[in-house]
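What follows is a single structure, written as structure tokens, with notes after it.
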Amino acid sequence: MEYDFRKIEQAWQNKWKENKTYAVSNESAKPKYYVLDMFPYPSGAGLHVGHPLGYIASDIYSRYKRLKGFNVLHPMGFDSFGLPAEQYALETGQHPATTTEKNIATFKAQLDKIGFCYDWEREVRTSDPQYYKWTQWIFLQLFNSYFCNTQKKARPIADLIKKYETKGNKNFTAEQWNAFTKKEQEDILMNRRLAFSKYGEVNWCEALGTVLANDEVVNGLSERGGHPVEKKKMRQWYLRITDYADRLLEGLETVDFSESMKEMQRNWIGKSEGAEMEFGIVKHHASDMSGDSQLTTHNSRLTVYTTRPDTIFGVDFMVLAPEHELVAQITTPERKAAIDQYLHYVKSRSERERLAEAKTITGCFTGAYAINPFDGREIPIWIAEYVLAGYGTGAIMAVPCGDQRDFAFAKHFDIPITNIIGGHFNGEEANATKDAVLENSGFLNGLFMKDAIGIAVNKIEELGIGKRKVNYRMRDAGFSRQRYWGEPFPIIWTDGVAIPLDAEELPLELPHVDTYGPGPEGEGPLANITEWVNSPQGRRETSTMPGYAGSSWYFLRYMDPNNETTFCDRKASHYWNQVDLYIGGTEHAVGHLLYSRMWTKVLFDLGLIGFEEPFKKLLNQGMIQGSSRFVYRIAGTNQFVSYGKKHEYDVQTLHVDVNIVDGVELQIDAFRKWKPEFADAAFIFEDGTFSLACNTGAIKDMKYICGVETEKMSKSKYNTVNPDELCEKYGADTFRMYEMFLGPVEASKPWDTKGIEGVHRFLRKLWRLFNDDLKGKVWNEDKGSDAELKVLHRTIKKIEEDTERFSFNTAVSTFMICVNELADMKCHKKEVLEKLLILLTPYAPHIAEDLWNQLGNEGSVLDAAFPTFNPALLVELTKEYPVSINGKLRTSIALALDLEQPAVEQLVLQNEIVQKWLEGKAPKKIIFVKNKMINVVI
RNA sequence: GCCCAUGUGGCGGAAUUGGUAGACGCAGCAGACUCAAAAUCUGCCGUUCGCAAGGGCGUGAAGGUUCGAUUCCUUUCGUGGGCACCA
């Protein structure tokens, strides 16, 4: 009986479905374990071999945990709202719901072929009204909450209203509040809501007709499509994620994410601690006769933000952002023309140019001076575009000896530089050290900069000219998209006030539209449907929520997917709790992961769930790149020259389908069939021989070698490999194990189908331990020998360790070694093989189930218990040998003889170098280790 | 520029805590079986000296710590990723 993987896999996949083998219950006495994949966006292109990498890893781990006695939740769903479906609708007129439905069906069929253990009963789709009903509901929770700065948590906005009604706040009394109009009250509340609306500068992309989030903009271009992006003022919804900045940072300490992932999030949040301080401003007016200048003190004060208040005596100039409100007030008449010219120049420059020419130094002196409060020095105030209006106070104090940008600016405009760090400053470049001893620094002289920071801030606070201040780089998250295919906002605008829908009115379903094109004045397509927009209560919000809305909480819905009365029953979320293992790519490091962490914290604050970090452990799978193949066509001909000979000709390099290349050797016939234009292609082979167009035979020994390059996997580069085809050709089990065998899950690597044969051979070899191709069944019920049990238990130990540490590639190797050894020993014993099958189940579930049943077992191997490793079988003996050391007799040497490596023995010694064994067996080499351990080679 | 990874045969990679470097697989070479092919099996497979036994050198490079370093430290180079006027 041969290994007929097609039959086996089909049969078992059907059986799993019929028996609901993977159904998961919320009621179980077992401990729980929650394994989650980042759910996919169901694109029209289907899966390529890169997608399943993480899914296979999570599937292996889920099955492993189930064998280990856990009740495992391992669901799958679809992030089905999003731009591509809408772009496609725009082009073809097909409703996104239709194409999405179709794409999901394709994805599910592809996923099922690989044999994943998903409980499809728990599937979620973000575009399903029964799902987005709760996305809208959570949005309303955000809308109806504020961040309490004393308790550092979200609270119902009703609490805040009550406080205003009874106590007022620092800006108004309770009486004043109660006298405000509804609109005035709502405007004040809007400033506190966690989901709020305001006019803001947004990233407007003309080409896409929509607003993009910061992380969707790369270098001034849209991430998708690479269209130019500009600033535009619009009423937008935002999430007040900045209020959670500190807790998002603190939470990172409690989760098991990779260091680089945490670093990326910290970087994005960009917390910096420093001080805000005020400076007085003076203007000099050229006087008419004496030539002396006349001094005017200005009323306004200049507030700057700095992280280095210790460098206050090194401030040689101030820089305001060109947009800074003080610019107009402080500019002297003499400088007005120059400043206006500079402002005009800045305005003419797009975001892109500013970023592209970041190194170019520009700026303009305002004519005004700030006064250093400690030594009374007059400090010229400049404006320059390198200072950003949106960060800190939009104004900085420049310390050229300590900051490279300030240094470059000072050099460029010939501003004299004060050195406050003595020998640490070489006059050639700035030195941002904190270790220098301060000089020329008044009351800070002689102090280490590190110590001076605190002392300076204290002094500043004492004098009432500034205070400690923490700044964040992160901005509140834009939450509106001028798009159709997203969740509609459950909001109606009445007299400029946003009125939320009642929970009973949810879901607010997406209405049908005739066109997916943008609405008037930058609004989304929904604005075109007047009958929908104009409800009796007022005008509906026409923008929709961004892609990350639905994905910010989907892990909760899996726990209780069909609940119609709440987003997730408290009992279910209490049972399943945090996601124990979350697997996905690094591309969501700052977007999805930050948003879902925030939502979780809000839901926790409001008492709706019992934990505030969604993901306990995050495992980042690497990207699988494509390995492209190239052929070289001699320009103007239909002749192709092999890689080694291409330099002798003038050639065009063409991508060739990687699937018709064996390693690097082109399959000539397949190539001729690939595209009609190549049907009569002629070849010059690697050895220089030549093949005529018509000659397809007799080229056995002549090889056409292709060029190779690693690129992103994409259809247009003909380097995609379809998992369906591999499953068809080698089987899902081979495919799964090969993907794992390729290397560590976390590593990015190019796909290469070549090695898959090796894994396939291994599974066939395994099969032959049970069945002979001719004789049929060969397994027997004999007792396993010591040697065989030793092989088995070494494998148990290794597989358990490898799986626990997600080292799936070495686990596959372990299986290969085990099967090779058992085959060498001609071991066909049920006692040994049965255990091996249990170990193998997570990796190759189909063949394991089949052989398990062949051994006479009923039901699924998943319900078997993971075998226990018996250490006694590995360590054969522990004895004490007397040993002669430097001629003297020593005893008490414990010898742990590990039969895995009979040539090597590890010893634990008490003293110096061992020379000889007393019992005549002289070791070849003895390596002594500090009173501890040595290696002995016999 | 800053931050984080990472560098091992022809290739993917292993070496888990500082202890036989190159497991396992691919490719390659030689052989067995076969009329032949496929399948399967056996041996070789970092480099160098040697008939061999055996030795020298080898984990990007240079130093250091250690009895011992792919592993730890310093410097440096290459590759990949993230951030990029954030004061």
Side-chain angles (χ1 to χ4, degrees), chain A residues 2 219 258-268 270-272 274 304-308 311 318-319 321 354-355 357-361 384-388 390-399 402-406 408-409 432 471-475 586-587 589-590 620 622-623 625 627 662-664 708 710 737-738 741-744 746-762 764-765 768 773 798 801-802 804-805 807 809-818 820 823-824 901 903-904 906 912-913 925-937:
Chain A
E2 275 181 53
N219 287 332
S258 73
E259 210 36 58
S260 65
M261 183 66 47
K262 289 183 180 182
E263 202 53 41
M264 268 191 247
Q265 296 205 5
R266 288 194 197 106
N267 215 322
W268 185 260
K271 180 176 181 167
S272 82
V304 302
Y305 174 73
T306 179
T307 53
R308 297 296 300 274
T311 61
M318 298 284 177
V319 189
R354 269 180 84 155
L355 286 167
E357 300 161 27
K359 295 277 176 297
T360 324
I361 298 165
E385 59 179 340
Y386 86 90
V387 173
L388 306 175
Y391 184 79
T393 60
I396 63 157
M397 53 182 231
V399 183
D403 182 294
Q404 191 52 40
R405 289 156 306 169
D406 298 345
F409 194 86
N471 261 319
Y472 300 95
R473 189 178 313 189
M474 181 171 65
R475 299 292 133 83
T586 47
E587 65 272 20
V590 289
N620 292 116
M623 271 229 288
Q625 294 127 315
S627 184
D662 256 340
V664 292
V708 178
T710 300
M737 291 194 92
Y738 183 59
F741 187 64
L742 227 41
E746 297 100 318
S748 287
K749 57 237 155 191
W751 177 264
D752 181 13
T753 305
K754 198 78 197 174
I756 199 168
E757 297 277 358
V759 176
H760 190 60
R761 246 170 257 168
F762 150 75
R764 282 212 304 266
K765 200 167 189 172
R768 286 198 304 271
D773 289 356
K798 193 78 171 44
E801 285 169 358
D802 287 346
E804 286 287 357
R805 69 190 172 107
S807 180
N809 55 330
T810 54
V812 176
S813 295
T814 305
F815 282 121
M816 289 176 171
I817 295 167
C818 176
N820 279 341
D824 285 349
Q901 300 172 319
V904 177
Q906 295 199 325
E912 306 127 83
I913 296 174
K925 195 173 14 172
I926 299 180
I927 307 147
F928 174 67
V929 177
K930 267 187 203 163
N931 294 342
K932 271 188 185 167
M933 200 189 283
I934 59 166
N935 281 347
V936 178
V937 181

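Below, all heavy atoms of this structure are taken into account, side chains as well, without hydrogens, waters or symmetry copies. The sequence lines fix the lettering, A, B, ..., with proteins before strands; numbering per chain opens at 1.
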Under 3.5 Å on both distances, the Watson-Crick or G-U partner of B:U34 = none

When you measure from the side chain of A:Asp802, which nucleotide among B:A14, B:U42, B:U16 comes out closest?
-> B:U16

In Watson-Crick or G-U wobble terms, with both distances under 3.5 Å, the base opposite B:U20 is none

What is the nucleic acid contact for A:Pro744, judged by heavy atoms within less than 4.0 Å: base, sugar-phosphate only, or nothing?
-> sugar-phosphate

Considering only the P atoms, how many Å lie between B:A69 and B:G56, rounded to the nearest integer?
-> 15 Å

From the options B:G25, B:C41, B:U16, select the nucleotide whose nearest atom is closest to the side chain of A:Phe741.
-> B:G25

For A:Asp406, report the nucleic acid contact type (base, sugar-phosphate, nothing); a contact means any heavy atom under 4.0 Å.
-> nothing

Take atom CE of A:Met261 and atom P of B:G81, then tell me their distance rounded to the nearest Å.
-> 15 Å

Between A:Asn620 and B:A5, is there a side-chain N or O to OP1/OP2 distance below 4.0 Å?
-> no

What does A:Asn471 touch in the nucleic acid at a heavy-atom separation under 4.0 angstrom: a base, only the sugar-phosphate, or nothing?
-> nothing

Could you give the distance separating B:G54 and B:U6 at their C1' atoms, to the nearest angstrom?
-> 38 Å

Using a 4.0 Å heavy-atom cut-off across all strands, classify A:Ser260 as base, sugar-phosphate, or nothing.
-> sugar-phosphate

Between B:A15, B:C24, B:A87, spot the one nearest the side chain of A:Thr306, thanks.
-> B:A87

Pairwise P distance, B:G63 and B:U71 [rounded to whole Å] = 14 Å

Look at the aromatic rings of A:Phe409 and A:Tyr386 and report parallel, tilted or perpendicular, splitting at 30° and 60°.
-> tilted

Any idea which of B:C24, B:C85, B:U40 is nearest the A:Leu388 side chain?
-> B:C85

Report the distance from atom CD of A:Glu385 to atom P of B:A87, rounded to the nearest whole Å.
-> 19 Å

At under 4.0 Å, does any side-chain N or O of A:Asn820 touch on OP1 or OP2 of B:C24?
-> no

Sugar-phosphate only, base, or nothing, as touched by A:Asp403 at under 4.0 Å among non-hydrogen atoms | nothing

Which part of the nucleic acid, if any, lies within reach of A:Glu263 when heavy atoms closer than 4.0 Å are counted: base, sugar-phosphate only, or nothing?
-> sugar-phosphate

Atom CZ of A:Arg473 and atom P of B:C85: how far apart are they, to the nearest Å?
-> 9 Å

In A:Val304, A:Asp406, A:Val387, the residue satisfying side-chain contact (heavy atoms from CB on, under 4.5 Å) with A:Val319 is A:Val387

Between B:A14 and B:C85 - P atom distance, rounded Å | 37 Å

Rounded C1' spacing from B:A21 to B:U74 in Å = 24 Å

So, is B:G9 syn or anti if syn means the angle is within 90° of 0?
-> syn

Regarding the side chain of A:Asn267, the nearest nucleotide among B:C85, B:C83, B:U16 is B:C83

Hey, what do you get for CG (A:Asp802) to OG1 (A:Thr810), rounding to the nearest 0.5 Å?
-> 3.5 Å

Give a yes/no on whether any side-chain N or O of A:Ser272 is located under 4.0 angstrom from OP1 or OP2 of B:A87.
-> yes

Looking at A:Arg266, does any N or O in its side chain come under 4.0 Å of the phosphate oxygens OP1/OP2 on B:G82?
-> no

Which class fits the ring pair A:Tyr738 and A:Trp751: parallel under 30°, tilted 30 to 60°, perpendicular over 60°?
-> perpendicular

Minimum-distance nucleotide to A:Arg805 side chain [options: B:C41, B:A23, B:U16] = B:U16

Figure out the CD/P separation between A:Glu587 and B:G82, and round it to whole Å.
-> 10 Å

Respond yes when some side-chain nitrogen or oxygen of A:Tyr391 is under 4.0 Å from OP1 or OP2 of B:A87, and no when none is.
-> yes

Any strand, both distances under 3.5 Å, Watson-Crick or G-U wobble: B:G28 pairs with B:C44

Complement of B:C83, any strand, by Watson-Crick or G-U distances under 3.5 angstrom | B:G1

A:Glu259 with A:Arg266: basic N within carboxylate O range, under 4.0 Å = yes

In whole angstroms, the gap separating P of B:C41 from CZ of A:Phe762 amounts to 13 Å

The nucleotide from B:A23, B:U16, B:A14 with an atom nearest the side chain of A:Glu801 is B:U16

With both distances kept under 3.5 Å, what pairs with B:G7, Watson-Crick or G-U wobble?
-> B:C77

Would you say B:G80 has OP1 or OP2 under 4.0 Å from some side-chain N or O of A:Lys749?
-> no

Minimum-distance nucleotide (side-chain atoms of A:Met816 versus B:C24, B:A87, B:U40) | B:C24

In whole angstrom, what separates A:Lys262's NZ from B:G81's C1'?
-> 19 Å

Closest approach of A:Asn809 and A:Pro744, non-hydrogen atoms and distance?
-> ND2-N, 3.5 Å

Would you mind telling me which of B:A27, B:A87, B:U16 lies closest to the side-chain atoms of A:Ile396?
-> B:A87

To the nearest Å, how far apart are A:Leu742 CG and B:C24 P?
-> 19 Å

P atoms of B:G80 and B:G13, separation to the nearest Å | 15 Å

Taking atom C1' in both B:C45 and B:G9, what distance in whole Å separates the two?
-> 10 Å

Among the nucleotides B:A14, B:C83, B:C26, whichever has the atom closest to the side chain of A:Arg761 is B:C26

Contact nearer the 5' end of RNA chain B, comparing A:Tyr305 with A:Thr814 = A:Thr814

Expressed as a whole number of Å, how far does the C1' atom of B:A23 sit from that of B:G46?
-> 15 Å

Value for CZ (A:Arg764) from CD (A:Glu757), rounded to nearest 0.5 Å, stands at 7.5 Å

Spatial distance of atom CD1 (A:Ile396) from atom CZ (A:Arg308) [nearest 0.5 Å] | 14.0 Å

Of A:Gly755 and A:Ser748, the one whose nearest nucleotide on RNA chain B sits closer to the 5' end is A:Ser748

Here the gap from A:Met737 atom CE to A:Phe762 atom CZ, rounded to the nearest 0.5 Å, amounts to 4.5 Å

Separation of A:Met318 atom CE from B:A87 atom P, in whole Å?
-> 17 Å

